[in-house]
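Notes follow the structure.
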Amino acid sequence: MFTKNIIKSLDFFKTLNAQEIDLLTSISTVLTYSKDYVLHYEKQKSNTLLFLANGLAKAYKIDKHDNEIFLYYIYKDSLLSEISDIHSDSLNSFSNIELIEESQVLSIDYPAFKKHFLNKYILCHEFVNEIITRSLQLQSLVNREFIFDSVSKVAMMIYSDLEMFNKLKRHDIALILHIQPATLSRVLNRLKRNQIIDIIHGNVTILNPIELEAIYKDGEDD
C-alpha cells in the first residue's frame, strides 16, 4: 500500500487508472537512502527506472583532475534516471547522482515497465516530457559554462532557483558557477544597487523579476 501511495503522489503517473497503478506497484519498490548516498555513477548500466519521491539530489561529473563538475539539482517528484536510448532494456548513466539529503526513491523494473507501459503507448507523453526537461537542463548548463558571464550566471541561478540559492553557502554557489567568491559578492552588490534584488540577513529576494530574467536571456539571444 505504501508503494502504491508513493506512485499516486507522483505527477508522472497521474493519468494511470487503478488497474495500471496496481500493475506498476507490482514491479516497483520504494527505498530510503541516507544523505550523500550515490545512487549511480556515470557510465554505469542499470535495469531500474528511478524517481525521486521525496528529498533532493544532484547530478555531477568528475573531470580528469578528479574535480567535481556540478550539473544540476534534481527535486522531488522528478525522474532520476537518464534516458539516452528508449529501445534498450537497460539505462546508461551520463552522470553521477548523489543524494543531498535523506530521500525516498521509487525503483521500477525497467524492462517490465517498457513491456507493460511504453510498448503499449502508456506514459509515452510523460516520458518524452521528462527527456525534454533533461535536455533543457543541459542547454542551461552549456550556457552557464560556455556562454554566460558571471553576472548572467548569478542572475540565472537566482531567477530559476532562488530557494536553493538562499539555502547554499556563498562559497558553494561560487564553486557551482565556477566564479570567485569575491566576484559573486560584487555581482550581488551590483544587482542590489540596481534594485533588481534585495539582500536581507543574507537572504536574496527578487525585486524586479523581469529585469533579472533579461540579464541572462539577452545573453542567450546573443
Side chains of [X] and [Y]: closer than 4.5 Å at any heavy-atom pair?
X: E68; Y: K58; result: yes
X: I108; Y: L106; result: yes
X: Q104; Y: F2; result: yes

Minimal non-hydrogen separation, [X] against [Y], with atom names:
X: R134; Y: L80; result: NH1-O, 4.0 Å
X: Q180; Y: A174; result: C-CB, 4.1 Å
X: I21; Y: K4; result: CG2-CG, 3.6 Å
X: L52; Y: L10; result: O-CD2, 4.3 Å
X: L39; Y: L99; result: CD1-CD2, 4.0 Å
X: S93; Y: H40; result: OG-ND1, 2.9 Å

*asked:* Run L91 and Y110 through side-chain contact (heavy atoms from CB on, under 4.5 Å) and show every step you take.
replied: CA-CA 8 Å; L91 301 168; Y110 185 58; 3.6 Å; yes
Salt-bridge contact E42-K61 (side-chain N to carboxylate O under 4.0 Å) |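 Answer for the salt bridge query: yes.
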In terms of side-chain geometry, is the basic nitrogen of E211 or K217 positioned less than 4.0 Å from the acidic oxygen of its partner?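 Here E211 does not pair with K217 in a salt bridge, since their nearest N and O are not under 4.0 Å apart.
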message = Just by distance, no angles: are the side chains of E82 and S95 close enough, under 3.5 Å, to form a donor-acceptor pair?
response =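 Yes.
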Side chains of D149 and S152: do they bring a donor and an acceptor to under 3.5 Å?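 Distance-only check passes for D149 and S152.
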Once rounded to the nearest 0.5 Å, what's the spacing between atom [atom1] of [X] and atom [atom2] of [Y]?
X: L177; Y: E145; atom1: CG; atom2: CD; value: 8.5 Å
X: R144; Y: I179; atom1: CZ; atom2: CD1; value: 10.5 Å
X: L191; Y: I196; atom1: CG; atom2: CD1; value: 5.5 Å

Side chain of [X], backbone of [Y]: donor and acceptor closer than 3.5 Å?
X: D198; Y: T205; value: no
X: S160; Y: M156; value: yes
X: D63; Y: N67; value: yes
X: S78; Y: I74; value: no
X: D77; Y: D11; value: yes
X: S81; Y: L50; value: yes

Worked check of side-chain contact (heavy atoms from CB on, under 4.5 Å) between C124 and L118: CA-CA 6 Å; C124 288; L118 296 183; 4.2 Å; yes
Are [X] and [Y] joined in one hydrophobic group, where the rule is that I, L, V, M, F, W and Y side chains link up if heavy atoms are under 4.5 Å apart?
X: L188; Y: L168; answer: yes
X: M157; Y: L71; answer: no
X: M164; Y: F148; answer: yes
X: L56; Y: V105; answer: no
X: F94; Y: I83; answer: no

*Whether Y73 and Y75 hold their rings parallel, tilted or perpendicular, with breakpoints at 30° and 60°*: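 Answer is tilted, since the angle falls between 30° and 60°.
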Quick one: sort the F113 and F127 rings into parallel, tilted or perpendicular, breaks at 30° and 60°.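 Because their plane-to-plane angle lies in the 30° to 60° range, the rings of F113 and F127 count as tilted.
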- Task: Would you check, one step at a time, whether the test side-chain contact (heavy atoms from CB on, under 4.5 Å) holds for N5 with M1?
- Result: CA-CA 6 Å; N5 288 337; M1 190 67 180; 4.0 Å; yes
| salt bridge (Lys or Arg N to Asp or Glu O under 4.0 Å) between E101 and K167: does it pass, once the steps are laid out? | CA-CA 13 Å; E101 58 191 38; K167 186 176 182 179; 3.5 Å; yes
Is it the case that atom CZ in R170 sees more than 12 heavy atoms from other parts of the structure closer than 6.0 Å?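 Atom CZ in R170 is crowded, with more than 12 foreign heavy atoms closer than 6.0 Å.
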message: Tell me if the NZ atom of K76 is crowded by more than 12 foreign heavy atoms within 6.0 Å.
response: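 Check fails, neighbour count at 12 or below.
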inquiry  = Determine whether F51 and F13 satisfy the following criterion, ring-ring contact (aromatic ring centres under 6.0 Å, His included), listing intermediate values before the conclusion.
reply    = CA-CA 11 Å; F51 286 84; F13 304 110; 5.1 Å; yes
Open item on the list: If the condition is side-chain hydrogen bond (donor to acceptor under 3.5 Å, both in side chains), which residues does D66 pass it with, not counting sequence neighbours?
Closed with: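 D66 satisfies side-chain hydrogen bond (donor to acceptor under 3.5 Å, both in side chains) with no residue once adjacent residues are dropped.
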- request: Output the rest of the hydrophobic cluster of Y60: all Ile, Leu, Val, Met, Phe, Trp and Tyr residues reachable through side-chain heavy-atom contacts under 4.5 Å, sorted by chain and number.
  value: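 Direct or chained contacts put Y60 with V38, Y41, I62.
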